[in-house]
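A short write-up of the structure that comes next.
Note that these values count all heavy atoms, side chains included, but never hydrogens, waters or copies made by symmetry.
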Amino acid sequence: MYLAPVGLVVYNRIEHTKRVIEALKKNTLASDTDLYIFSDAPSKKRR
């Protein structure tokens, strides 16, 4: 069976990220699923 990869975009919300990853780990097919984490940030400092 082909499993689609999971993409997770994160930005400055470490507690939410931890909760999402813990929930994903509980999935029965988690060990067979590729997880890609993208950490985003602003391109310039705001004034």
Side-chain angles (χ1 to χ4, degrees):
M1 167 186 358
Y2 174 77
L3 299 175
V6 174
L8 175 61
V9 180
V10 299
Y11 173 71
N12 200 24
R13 303 236 193 285
I14 190 68
E15 290 306 316
H16 291 165
T17 302
K18 288 179 184 179
R19 287 175 44 201
V20 168
I21 291 172
E22 287 303 315
L24 289 172
K25 285 170 47 176
K26 293 178 183 179
N27 185 298
T28 57
L29 297 174
S31 62
D32 298 321
T33 303
D34 291 328
L35 173 62
Y36 295 94
I37 301 175
F38 303 92
S39 181
D40 195 14
S43 58
K44 296 181 181 179
K45 278 190 169 183
R46 292 185 179 189
R47 293 183 180 189

Between side-chain atoms of residues 13-20 and protein atoms elsewhere (two or more places apart, or another chain), which donor-acceptor pairs fall under 3.5 Å?
residue	atom	partner	partner atom	Å
T17	OG1	R13	O	3.0

Residue pairs, two or more places apart or on separate chains, that pass side-chain hydrogen bond (donor to acceptor under 3.5 Å, both in side chains) and touch residues 26-36:
none
Check for me, please, whether L8 and Y11 land in the same ILVMFWY cluster - side-chain distances under 4.5 Å, paths through other members count.
no
